[in-house]
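Quick notes on the structure that follows.
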There are 2 protein chains.
Amino acid sequence: MDVGEDQSMSFFVEANGQPGRGDDRQGFLANTGPHVQTPIQTQLQAQAQAAPRCLRCAVRNEGLCAALPAGELPELTAISRNRDVGAGEMVTIEGQDADAVFTLVSGMLKIYKTLPDGREQITGFATPGDVVGLAFGSCYVYTAEAVAPSTVCGMVRRGLHGLVDRKPRLQGRLLSMLSAELTAAQDQILMLGCKNATERVCTFLLALARRAPKDEQGRPVVFLPMKKLDMGGYLGLRPETISRVLRSLETKGLITRTRSAHIRIDDLDTFGDLAVAAE
Amino acid sequence: MDVGEDQSMSFFVEANGQPGRGDDRQGFLANTGPHVQTPIQTQLQAQAQAAPRCLRCAVRNEGLCAALPAGELPELTAISRNRDVGAGEMVTIEGQDADAVFTLVSGMLKIYKTLPDGREQITGFATPGDVVGLAFGSCYVYTAEAVAPSTVCGMVRRGLHGLVDRKPRLQGRLLSMLSAELTAAQDQILMLGCKNATERVCTFLLALARRAPKDEQGRPVVFLPMKKLDMGGYLGLRPETISRVLRSLETKGLITRTRSAHIRIDDLDTFGDLAVAAE
DNA sequence: CGGCCCCCATGATCCAGATCAACGCAACCG
DNA sequence: CGGTTGCGTTGATCTGGATCATGGGGGCCG
């Protein structure tokens, strides 16, 4: 007896960096035995009985899932499973068999490619609702690694294939997601090709700000759980430079560091200007 | 002076940049000798009468066209038209209505996006067989401009839509072309994000070399019709830097400048190494 | 609690490539 | 024909961000 989502999942990549706390996972996957029930399991079980997991999902209206009406969600539920990953754990690995497609439910992932000589280029950060692992060949074309404790929802590829065949709307959704990825890639090219350090940092913060929660006065507070090294890996800058740019933005009164790893954008207008042309 | 298929096409964008030297273009088409009607033209004209244009097309086995068997080619012929464009003429313009999709038949186009403040970033060069102007919104997302006298084949969008509906193979082809574009974009990100000037230039030449003709000894001779400024615009470098890097590669005996705008790669192996890690 | 480790911040210095400047050359033109 | 214009090349100089070096602070563990 399980909560309907806990078969062992061969398509999940196990942690190789930080040891991926076995207990996190155990807490979520009920493989400790049919009789042992954690509070979380009980809660999930209740939900599973009350409504399909997908229906209650935090990102139900994003990514692929948004393409299906509520009535068809159970079919998604049937081919997907949730999993928690700790910071440093990998969700997909570049070059390995692409067995599943993942939707990020919570947390943050960094997406990167590696050069033969070991240099790595981060091509993006996934935030909740983003889909990672879409591959049109048989292998993942990038590595996706959690930079904060995260939850992903994995859809077995074969199951997804079948579903896409039955639901033409998913096909269109895939196409538009792919083309959104292309747009994002081209924005990054624009950034790397012709923006300076300040413009890059502002562009990046601004992009995160769009999806970030706002404080009482409507100012976005962006969450930056990744290391400065990763941020630099994305922006084509060194961590020291990121640090200096943020300091300088703070001095100018454009941003405020609130809680650890959180930055509030105080002057969104000026910020938008900086994002495209510095000074 | 055309091969019988050049009705004026409302969806073609007329030149606005450099006045597209009529005689350059003539020189290109007639470059084997100054006759009234060249052998090539006579040949093309005869083809147009003898068989559907698409069947005899130089890029019949590339781009979208490759997805259709010979028997179905007339349907493509019906919705497409060839057109010659001179250097400096635009084929698509960023932000304008995407009325058609183009296949480059000969020549070369630069693909670029413009920042609000006028800076432009070249995101690629199209070589024969490449498709430009695929847009999933209603507008082109980039400008495509000839950097050498070129011939494009334009497919009216509405006609293409209908055709795609009737030929599911085209749908798959579109998807795979889109994903190839994404791959190319990510390669460029890798280049801009973590390669130095020499690596960038070598990576670029190597990519062109793959599709370039080879001399008697199998050495690729790449055609570089674009200005140094454009090459720099793609690689994120200034023209002076391009010039210096090429000079240094020449000094090391890796390349030889043959005819104007042509470079022969003499040591492909060393070159491949340089393309990923310089020195 | 103290020690360790990792990340961040900040100052000092360096350097790859940008920028500035000058010239050569070819195409074009009156 | 000489003048003009635009691109490419080369040299001199500048500079934004990389690199190097140091110190500080927070989390984790014994």
Side-chain angles (χ1 to χ4, degrees), chain A residues 17-19 21 86-88 110 119 121 147-149 191-202 204 224-251 255 257-263 274 277-279, chain B residues 17-28 86-88 110 119 121 147-149 191-202 204 224-251 255 257-263 274 277-279:
Chain A
Q18 326 274 347
R21 332 251 169 85
K110 66 169 173 175
R119 281 176 288 185
Q121 172 67 39
V147 293
M191 186 178 71
L192 294 173
C194 44
K195 292 187 182 180
N196 65 27
T198 306
E199 291 169 320
R200 293 183 199 196
V201 171
C202 291
F204 177 60
L224 296 168
M226 74 290 285
K227 297 173 197 163
K228 293 276 179 292
L229 190 67
D230 288 334
M231 214 184 302
Y234 175 67
L235 298 173
L237 301 170
R238 307 266 67 212
E240 295 94 326
T241 304
I242 307 276
S243 190
R244 284 185 245 269
V245 170
L246 287 178
R247 158 80 43 238
S248 128
L249 291 175
E250 198 173 16
T251 306
I255 63 173
R257 292 169 210 232
T258 58
R259 292 172 288 153
S260 143
H262 286 259
I263 285 184
L274 279 186
E279 308 306 287
Chain B
Q18 323 271 349
R21 328 230 178 100
D23 37 3
D24 255 19
R25 187 172 148 193
Q26 195 168 46
F28 176 80
K110 65 169 174 176
R119 282 176 286 185
Q121 172 66 39
V147 293
M191 186 177 71
L192 295 173
C194 42
K195 293 187 182 180
N196 65 27
T198 305
E199 291 169 320
R200 292 183 199 195
V201 171
C202 290
F204 177 60
L224 296 169
M226 74 290 285
K227 296 174 196 160
K228 293 278 179 290
L229 191 67
D230 288 334
M231 213 183 303
Y234 175 66
L235 297 173
L237 300 170
R238 308 266 65 214
E240 297 95 326
T241 304
I242 308 275
S243 191
R244 284 185 246 266
V245 170
L246 287 178
R247 158 82 42 238
S248 128
L249 291 174
E250 198 174 16
T251 305
I255 62 173
R257 291 168 211 231
T258 59
R259 292 173 288 154
S260 142
H262 287 260
I263 285 183
L274 279 186
E279 307 308 289

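Throughout, protein chains are lettered first and strands after them, A, B, ... in sequence-line order, and every chain is numbered starting at 1.
Summarising the geometry, the separation between NZ on B:K195 and P on C:dG17 is reported as 14 Å, rounded to the nearest angstrom. Following rounding to the nearest Å, A:L224 (CG) and C:dC8 (C1') show an atom-to-atom distance of 14 Å. One interatomic measurement links the two molecules: CZ of B:R238 to C1' of D:dC7, which rounds to 14 Å at whole-angstrom precision. Nucleotide C:dA16 holds its P atom 19 Å from the CG atom of B:L235, rounded to whole Å. Atom CG of B:L192 and atom P of C:dG17 are 13 Å apart (whole Å). Computed from coordinates, the B:E199 CD to C:dG17 C1' distance equals 14 Å when rounded to whole Å.
Checked against salt bridge (Lys or Arg N to Asp or Glu O under 4.0 Å), B:E240 has no partners two or more places apart in sequence or in another chain. Residues passing the side-chain contact (heavy atoms from CB on, under 4.5 Å) test with A:P225 are A:M108, A:V147, A:A148, A:F223, sequence neighbours excluded. When the side-chain hydrogen bond (donor to acceptor under 3.5 Å, both in side chains) test is applied to A:K195, the partners found at least two apart in sequence or on another chain are A:T203. Remark: A:A197 pairs with A:L237, A:T241, A:V245 by the side-chain contact (heavy atoms from CB on, under 4.5 Å) rule, at least two apart or across chains. Under the rule for a side-chain contact (heavy atoms from CB on, under 4.5 Å), the partners of B:T258 that lie at least two apart in sequence or sit in another chain are B:V221, B:H262, B:R264.
When distances are taken from the side chain of A:L237 to each of D:dG17, D:dT19, C:dA18, the shortest belongs to D:dG17.
At a threshold of 4.0 angstrom between heavy atoms, the contacts of B:G232 with the nucleic acid are absent.
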Give each protein N/O atom lying under 3.5 Å from an N/O atom of nucleotides 8-10 of chain D, with the pair distance.
from	atom 1	to	atom 2	distance (Å)
D:dG8	OP1	B:K228	N	3.2
D:dG8	OP2	B:K228	N	3.3
D:dT9	OP1	B:R257	NH1	2.6
D:dT9	OP2	B:S243	OG	3.1
D:dT9	O5'	B:S243	OG	3.3
D:dT10	OP1	B:R247	NE	2.9
D:dT10	OP1	B:R247	NH2	2.8
D:dT10	OP2	B:R247	NE	2.7
D:dT10	OP2	B:R247	NH2	3.3

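Residue B:L229 comes nearest to B:R238 through the heavy atom pair CD1-NH2, 4.1 Å, listed as atom of the first residue, atom of the second, then distance.
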